[in-house]
Enquirer: 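Here it is, the structure, as structure tokens.
A, B, ... follow the sequence lines: proteins, then strands. Residue 1 opens every chain. This structure is a prediction, so every number in the text was calculated from the model and none was measured.
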Amino acid sequence: MSIESIIKGKVVEAVNSCYGQGIDDDTVQIQKTRREFEGDLTVVVFPFLRFSKKSPEVTANDLGSFLMENIEVVTAFNVVKGFLNLVIDSSYWISVLNTAFQSENYGFKKLEAGAKKVMIEYSSPNTNKPLHLGHIRNNLLGYSVAQILKANGYEVIKVNLVNDRGIHICKSMLAWLRFGEGETPESTGLKGDHLVGKYYVKFDQEYKKEIEALVANGMDADEAKKQAPLLLEAQEMLVKWEAGDEEVVALWRKMNDWVLAGFDVTYQKMGVDFDKVYFESETYKKGKAIVERGLEEGVLYRKDTGSVWANLEADGLDHKLLLRDDGTSVYMTQDIGTAYERFNEFSIDEHIYVVGNEQNYHFQVLSLVLGKLGYEWSNKIQHLSYGMVELPEGKMKSREGTVVDADELMDEMVNTARDTSNELGKLQGYSTEEAEDVYNKVAMGALKYFILKVDPKKNMMFNPKESIDFNGNTGPFIQYTYARIQSVLKKTVDEGIEFPEFANTDIEISEKESNLIQMIANYPVIIKEAGDTTSPAQIANYVYDLVKEYNQFYHDFPIAKEENVELRAFRMVLSKQVAQVIKSGMELLGIGVPERM
RNA sequence: GGUCCAGUAGCUCAGUUGGAUUAGAGCAAUAGCCUUCUAAGCUAUAGGUCCCAGGUUCGAGCCCUGGCUGGAUCACCA
């Protein structure tokens, strides 16, 4: 039981004993005592004034006396206004450290039978162009949230829904047929996704030329956009594809394979993976049966022209199309179908979709329609909506070439990490392979941390110059602290000091050390909060605060060089435990930590 | 126009059950600290109308109402 909950319980008793009032645990507020006051934990007494009918100071003193008598580890207290500051004995904190130190997977809940089962869908790329910065945020968020939910004891299934069909794919295919001259990834040395992306851009260029030509001949601009031969041909191709035309399907398969092979490389570099991959080419017709049933039950309605709609006016929205006049499905129909299948097939308790905030409306509608159709799990689908990534020059536009390519960005980060490391003269004595592994960890750590430290729902600014900065609130700053701890601990081994199994609780420790233990004690709480709010940013900021605190400690206190053996043992345990929490927290973000850098 | 989200230091961001006369970090700026465990570090100075106006109360960056600014969205596209 944590010290907070013990104090809470005793405060309830104290109010009862002093004022004869029964109160609820939740009315007791406990917080960390602010730096400028003496004490470790603070009870806010304002809520109890209506029971005590005394001034805040007197009330706080009443409660303080009771707590000191009834909780062994409370050794002193002081009162400032309505705040009761409690001093907790250092032996208590050291025992907390020992407990953390001796537990395996500290802060994590184990996966137990009957655990909550969560499916999380992320990435969801289109197979007509390579991944860009926006996808990076999506992938990192999805992967990290999955890690965090696992740490909360959930069973997690990571899935990817690949959008491998539609007019945009046909555009790349058509451009390649027309202008590709048989190029392949092998013949060009390009990654498959980049090769296909090249022709997607090519399509757009040629398409624009056709429009201009038509307009020059006197056609209306809007009409020209619809009548351009290339577009018509692409649409024709899509019809052929849906009809199963052998040639088109074969080409589609070939180019999709190129792209998917390219994605695999990118995913691997990014360090994300999936338990199951779905393809829209296989799921896009799903959901029709469900819609038909909804129609029979009168939950949905059919227009004269034949299309099927849901009326969401009662929920403050408009009408939403579910089947076209010709009876074909739309995006929403497909999502209804796949959601139904997933809840049935895997009997999941919750489904999280990691999708950009431009689709907030879509997911709001999805949940409402599923509710109308009578599925009790309609409120178990959660849209983890994240903001756009903006560049200093403005927005990213794939057609205008102002995107930041994922592969290029990652490569650049690695180069910068390599240069910086060499400049600083680190890693001497490492083999090339070992060194490359470190550059990779540092580079990806910088990129991942930079993105994940921001609250998901906010739009974020990606400044390439700042992102490769390795000082301050960055991934490498955290990794560096970890590496430094490893270095010190290695030194103790070299000097023949045996690593202690636990720290002696009788020693005197400084305020800085006590603070560090209290932060460690808070780690499980942070994991839970990050899970409840599906926010990796909470982990990121926690680890940063911990590291900042540790660096100050490191600067001011000797560890391996401490002469007092008991104290040295304590600091070794403390340092090792801080390192463990850093490593563990970074794992939750999908970031590796090097032993040396 | 309707709906949703955001607005905190020059810049990028923390600040979640409302708590301490003094709202925190980093970057950028200035000034210090390497014969002592990794200086990718530490310390100090400076930098604020928490978008605005009301309201709720012992107490509001946080809650409520109204407004301002920016973004997203409202397709027989996905």
Enquirer: Provide the distance between the two P atoms, one in B:rG10 and one in B:rA23, to the nearest whole Å.
Expert: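 About 16 Å, rounded to a whole number of Å.
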Enquirer: On the nucleotide B:rA78, are OP1 or OP2 found under 4.0 Å from the side-chain N or O atoms that A:Tyr331 carries?
Expert: no
Enquirer: Kindly say whether the aromatic ring centers of A:Tyr353 and A:Phe363 come within a distance under 6.0 Å.
Expert: yes
Enquirer: Can A:Phe477 be called stacked on B:rA40 when the rule is centres closer than 5.5 Å and an angle between planes below 30°?
Expert: no
Enquirer: With a 4.0 Å cut-off on N to O distance, would you call A:Glu434 and A:Arg596 a salt bridge?
Expert: no
Enquirer: Taking only the P atom of each, what is the distance from B:rC58 to B:rU16 in whole angstrom?
Expert: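 Rounded to whole Å, the distance is 23 Å.
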Enquirer: Of the nucleotides B:rA40, B:rA20, B:rC13, which one has an atom closest to the side chain of A:Phe83?
Expert: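 Of all the options, the side chain of A:Phe83 is nearest to B:rA20.
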Enquirer: For B:rA29, give its Watson-Crick or G-U wobble partner with both distances under 3.5 Å, or none.
Expert: B:rU45
Enquirer: To the nearest Å, how far apart are A:Ile526 CD1 and B:rA14 C1'?
Expert: 12 Å
Enquirer: Taking B:rA44 as the reference, what is the distance to B:rC13 when you measure between their C1' atoms (whole Å, please)?
Expert: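 Those two atoms are separated by 23 Å.
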Enquirer: Report yes if a side-chain nitrogen or oxygen of A:Lys81 is closer than 4.0 Å to either non-bridging phosphate oxygen (OP1 or OP2) of B:rU21; otherwise report no.
Expert: yes
Enquirer: Quickly work out the A:Asn459 CG to B:rC5 C1' distance and round it to whole Å.
Expert: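 Result: 8 Å.
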Enquirer: Side chain of A:Trp309 only, heavy atoms from C-beta on: which candidate in B:rA78, B:rA40, B:rC76 is closest?
Expert: B:rC76
Enquirer: Which base sits across from B:rC63 as a Watson-Crick or G-U pair, both distances under 3.5 Å?
Expert: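 Per the H-bond distance test, B:rG55.
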Enquirer: Hey, does the side chain of A:Gln552 come within less than 4.0 Å of B:rU43's phosphate (OP1/OP2), counting only N and O?
Expert: yes
Enquirer: May I have the distance from A:His362 (atom NE2) to B:rC76 (atom C1'), rounded to whole angstrom?
Expert: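 These atoms are roughly 16 Å apart.
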Enquirer: What distance, rounded to whole Å, do you find between the two P atoms, one in B:rA53 and one in B:rU8?
Expert: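 Pairwise P distance, B:rA53 against B:rU8, rounds to 16 Å.
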Enquirer: Measure the distance from CG on A:Asn463 to P on B:rA28 and round it to the nearest whole Å.
Expert: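 It works out to 12 Å between those atoms.
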Enquirer: Considering heavy-atom distances to RNA chain B, does A:Asp455 or A:Leu317 have its closest nucleotide positioned more toward the 5' end?
Expert: A:Leu317
Enquirer: Quick check for you: among B:rU16, B:rC76, B:rU17, whose closest atom lies nearest to any side-chain atom of A:Gln538?
Expert: B:rU16
Enquirer: When rounded to the nearest Å, what value does the distance between P atoms of B:rC42 and B:rC27 take?
Expert: 9 Å
Enquirer: Going through the checks in order, is the salt bridge (Lys or Arg N to Asp or Glu O under 4.0 Å) test met by A:Lys512 and A:Glu549?
Expert: CA-CA 8 Å; A:Lys512 184 66 67 193; A:Glu549 191 77 8; 3.4 Å; yes
Enquirer: Closer than 4.0 Å, any side-chain N/O of A:Arg484 to the OP1 or OP2 of B:rA39?
Expert: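 The answer is yes; a side-chain N or O of A:Arg484 sits under 4.0 Å from OP1 or OP2.
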Enquirer: Measuring only the P atom in each nucleotide, how far is B:rU49 from B:rU38? A whole number of Å is fine.
Expert: 44 Å
Enquirer: Do any side-chain nitrogens or oxygens of A:Lys548 fall under 4.0 Å of OP1 or OP2 in B:rG41?
Expert: no
Enquirer: A:Val44 side chain: which of B:rA72, B:rG19, B:rA20 is closest?
Expert: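 From the listed options, B:rG19 comes nearest.
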Enquirer: Using a strict 4.0 Å threshold on nitrogen-to-oxygen distance, state whether A:Arg165 and A:Glu242 make a salt bridge.
Expert: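 The answer is yes: the pair qualifies as a salt bridge.
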Enquirer: From NZ of A:Lys225 over to C1' of B:rC77, roughly how many Å is that when rounded to an integer?
Expert: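 Those two atoms, NZ and C1', are 15 Å apart.
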Enquirer: Roughly how far, to the nearest 0.5 Å, is CG of A:Leu516 from OH of A:Tyr554?
Expert: 14.5 Å
Enquirer: Please state the C1' separation for the pair B:rC64 and B:rU56 - nearest whole angstrom.
Expert: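 After rounding to an integer number of Å, I get 7 Å for this pair.
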Enquirer: Picking from B:rC4, B:rC27, B:rA20, which would you name as closest to the side chain of A:Gln31?
Expert: B:rA20
Enquirer: Does A:Asn541 have a side-chain nitrogen or oxygen under 4.0 Å from the phosphate oxygens OP1 or OP2 of B:rG15?
Expert: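 Indeed not, no polar side-chain atom of A:Asn541 lies that close.
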Enquirer: For B:rC52, does the O4'-C1'-N9-C4 (purine) or O4'-C1'-N1-C2 (pyrimidine) torsion place it in syn, i.e. within 90° of 0, or in anti?
Expert: anti
Enquirer: If the cut-off is 4.0 Å, is A:Lys458 near the phosphate of B:rA14, judged by side-chain N/O to OP1 or OP2?
Expert: yes
Enquirer: Between B:rC37, B:rA78, B:rG26, which one does the side chain of A:Val330 approach most closely?
Expert: B:rA78
Enquirer: Classify A:Phe557 by what it touches in the nucleic acid, base, sugar-phosphate, or nothing, heavy-atom distance under 4.0 Å.
Expert: base
Enquirer: Less than 5.5 Å between centroids and less than 30° between ring planes, does A:Phe46 satisfy that with B:rG59?
Expert: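 The ring of A:Phe46 is not stacked on B:rG59.
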Enquirer: Spell out yes or no: do the side chain of A:Asp318 and the base of B:rC74 have one donor N/O and one acceptor N/O closer than 3.5 Å?
Expert: no
Enquirer: Under the 3.5 Å rule, do the base of B:rA28 and the side chain of A:Asn471 count as making a donor-acceptor pair?
Expert: no
Enquirer: Under the salt bridge (Lys or Arg N to Asp or Glu O under 4.0 Å) rule, what do A:Lys490 and A:Glu595 come out as? Steps first, then yes or no, please.
Expert: CA-CA 10 Å; A:Lys490 186 170 172 296; A:Glu595 298 298 302; over 6 Å; no
Enquirer: Of A:Val547 and A:Lys561, whose nearest nucleotide on RNA chain B comes first from the 5' end?
Expert: A:Lys561
Enquirer: Under 4.0 Å between a side-chain N or O of A:Arg324 and OP1 or OP2 of B:rA78?
Expert: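 Result: yes.
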Enquirer: So, is A:Asn551 close to the B:rC42 phosphate, meaning a side-chain N or O under 4.0 Å from OP1 or OP2?
Expert: yes
Enquirer: Does the structure show a Watson-Crick or G-U wobble partner for B:rA40, both distances under 3.5 Å? Name it, or say none.
Expert: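 Partner of B:rA40: none.
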Enquirer: Mind checking the P distance from B:rA14 to B:rC51? Whole angstroms is fine.
Expert: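 Roughly 14 Å separates the two P atoms.
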Enquirer: Tell me whether A:Glu563 is salt-bridged to A:Arg568, with the criterion being a basic N under 4.0 Å from an acidic carboxylate O.
Expert: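 A:Arg568 and A:Glu563: not salt-bridged.
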Enquirer: Just how far, in rounded Å, is P of B:rA78 from CD of A:Glu358?
Expert: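 My rounded result for the distance is 16 Å.
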Enquirer: Closest to the A:Thr42 side chain: B:rU16, B:rA20, B:rA39?
Expert: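 Selected nucleotide: B:rA20.
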Enquirer: Applying salt bridge (Lys or Arg N to Asp or Glu O under 4.0 Å) between A:Asp455 and each of A:Lys453, A:Lys457, A:Lys458, report the one that passes.
Expert: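 Only one of A:Lys453, A:Lys457, A:Lys458 forms a salt bridge (Lys or Arg N to Asp or Glu O under 4.0 Å) with A:Asp455, namely A:Lys457.
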Enquirer: Which one, B:rA14, B:rG41, B:rG24, comes nearest to the side chain of A:Tyr480?
Expert: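 Given the options B:rA14, B:rG41, B:rG24, the side chain of A:Tyr480 is closest to B:rG41.
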Enquirer: My understanding is that a pair needs two contacts under 3.5 Å, Watson-Crick or G-U wobble. By that rule, which nucleotide pairs with B:rA72?
Expert: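 Across any shown strand, B:rA72 pairs with B:rU3.
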Enquirer: Rounded to whole Å, how long is the line connecting atom NZ of A:Lys441 with atom C1' of B:rA40?
Expert: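 Taking NZ of A:Lys441 and C1' of B:rA40, I get 17 Å after rounding.
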Enquirer: Let's see if you can work this out: which of B:rA6, B:rC37, B:rA20 has an atom nearest to the side-chain heavy atoms of A:Ser487?
Expert: B:rC37
Enquirer: Tell me if the aromatic rings of A:Phe462 and A:Phe450 count as close, with their centers under 6.0 Å from one another.
Expert: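 Ring-ring flag for A:Phe462/A:Phe450: true, centres closer than 6.0 Å.
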Enquirer: Which one, B:rA72, B:rA20, B:rC13, comes nearest to the side chain of A:Met461?
Expert: B:rC13
Enquirer: Rounded to the nearest angstrom, tell me the gap between atom CD in A:Gln479 and atom P in B:rU38.
Expert: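 From A:Gln479 CD to B:rU38 P: 18 Å.
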Enquirer: For A:Lys32, does the NZ atom sit with more than 12 other heavy atoms under 6.0 Å from it, leaving out its own atoms?
Expert: yes
Enquirer: If you take atom types as modelled and just measure distance, does the side chain of A:Thr305 reach the base of B:rC76 with a donor-acceptor pair under 3.5 Å?
Expert: yes
